[in-house]
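Read the structure below first, then the notes.
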Amino acid sequence: MLPLLILLAFVLVPVLEIYVLIQVGQMIGFWPTLGLLAAQAVLGAWLIRREGRRAWGALYETVRTGVLRERELGDAVLVMGGGVLILLPGFGTDVLGAALVLPFTRPLLRRALSAFAERRMRAAEVRAATIIPPPGFGGAGADPFGRRPGPEPVETPPGPVVRGEVVEDDDPKPRA
């Protein structure tokens with residue numbers, strides 16, 4: 001499901017951005033639209049620099065102290081994602097990028113991102129438990145793959161078995 005959403009986003013977002021740019025260009029004209037895009041880029045770059053520095057400093061401090069908190073990690077991810085969206089040309093991506101970068105909208109989006117990541121991790125754990133059985137699945141004394149310690153059992157190949165003895169020739173001359 002997620003790969004399909006990503007593919008749709010890569011196809012639909014540019015189409016939507018072009019449509020919005022054309023509509024805005026028809027309403028206010030080409031040069032004002034271009035000026036508005038340039039102003040958004042400059043404002044976005046300033047906002048990313050300011051909030052990115054703040055988020056990076058908080059993340060660095062938590063790593064330096066050895067305690068990694070969810071808030072700082074989430075802020076760093078949101079600011080980086082918002083920065084990428086703001087630097088893309090278009091009005092829709094700029095609005096979404098600003099929502100990710102601004103300090104008063106970031107906590108709401110951080111909680112949503114955290115809940116999404118938690119659901120994905122739970123689903124991955126369930127899938128992993130069905131693919132790889134939990135330790136001791138094979139019973140007492142078995143490894144996680146259900147094998148018991150000791151020699152591996154030997155299977156008899158299908159078909160008739162001819163019993164015999166291997167005799168090595170002591171003659172050093174190779175046969176031609």
Side-chain angles (χ1 to χ4, degrees), residues 1-137 143-145:
M1 181 69 179
L2 191 61
L4 178 64
L5 289 175
I6 292 172
L7 178 67
L8 285 175
F10 274 110
V11 171
L12 292 179
V13 168
V15 170
L16 183 65
E17 287 290 354
I18 291 170
Y19 176 76
V20 170
L21 282 172
I22 290 172
Q23 294 302 314
V24 171
Q26 287 178 348
M27 287 174 49
I28 65 173
F30 174 75
W31 291 110
T33 302
L34 196 61
L36 193 56
L37 284 173
Q40 283 181 333
V42 169
L43 179 66
W46 172 79
L47 186 62
I48 292 166
R49 186 174 178 188
R50 186 181 129 224
E51 291 302 317
R53 189 177 292 150
R54 189 178 294 169
W56 185 258
L59 182 63
Y60 176 77
E61 185 63 28
T62 58
V63 170
R64 190 182 64 76
T65 59
V67 178
L68 187 60
R69 290 184 223 114
E70 178 181 307
R71 179 178 178 263
E72 283 76 14
L73 184 62
D75 280 353
V77 168
L78 290 174
V79 168
M80 287 191 313
V84 168
L85 289 174
I86 286 175
L87 294 178
L88 291 175
F91 295 112
T93 54
D94 284 348
V95 169
L96 183 58
L100 293 173
V101 172
L102 290 173
F104 53 87
T105 57
R106 207 178 316 142
L108 298 171
L109 295 169
R110 186 184 335 110
R111 275 188 241 120
L113 176 68
S114 177
F116 175 75
E118 190 174 330
R119 280 194 313 270
R120 296 282 296 178
M121 288 300 294
R122 283 194 188 128
E125 287 173 353
V126 168
R127 280 194 309 272
T130 59
I131 294 171
I132 300 172
F137 181 76
D143 68 3
F145 300 104

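Leu102 approaches Leu47 most closely through the heavy-atom pair CD2-CD2, 3.6 Å. Among all heavy-atom pairs drawn from Ile86 and Asp94, the shortest one is O-OD1, 2.8 Å.
The salt bridge (Lys or Arg N to Asp or Glu O under 4.0 Å) contacts involving residues 26-45 comprise nothing, where partners must be two or more places apart or lie in separate chains. The salt bridge (Lys or Arg N to Asp or Glu O under 4.0 Å) contacts involving residues 75-88 comprise Asp75-Arg106, Asp75-Arg110, where partners must be two or more places apart or lie in separate chains. Pairs of residues two or more places apart, or lying in two chains, that qualify as salt bridge (Lys or Arg N to Asp or Glu O under 4.0 Å) and include a residue from residues 111-120 are Glu118-Arg122.
The CD atom of Glu51 sits 8.0 Å away from the CH2 atom of Trp46 when rounded to the nearest 0.5 Å.
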Return a table of donor-acceptor pairs under 3.5 angstrom between the side chains of residues 4-32 and protein atoms on other chains or two or more places apart.
residue	atom	partner	partner atom	Å
Glu17	OE1	Phe91	N	2.9
Glu17	OE1	Gly92	N	3.3
Glu17	OE2	Gly92	N	3.1
Glu17	OE2	Thr93	N	2.5
Glu17	OE2	Thr93	OG1	3.4

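By the 6.0 Å contact criterion, CZ on Arg49 is open, its count of non-hydrogen atoms from other residues, nucleotides or ligands being 12 or less.
For Arg64, the salt bridge (Lys or Arg N to Asp or Glu O under 4.0 Å) partners are Glu61, not counting sequence neighbours. Scanning for side chain to side chain donor-acceptor pair (under 3.5 Å) contacts around Ser114 gives Glu70, with sequence neighbours left out.
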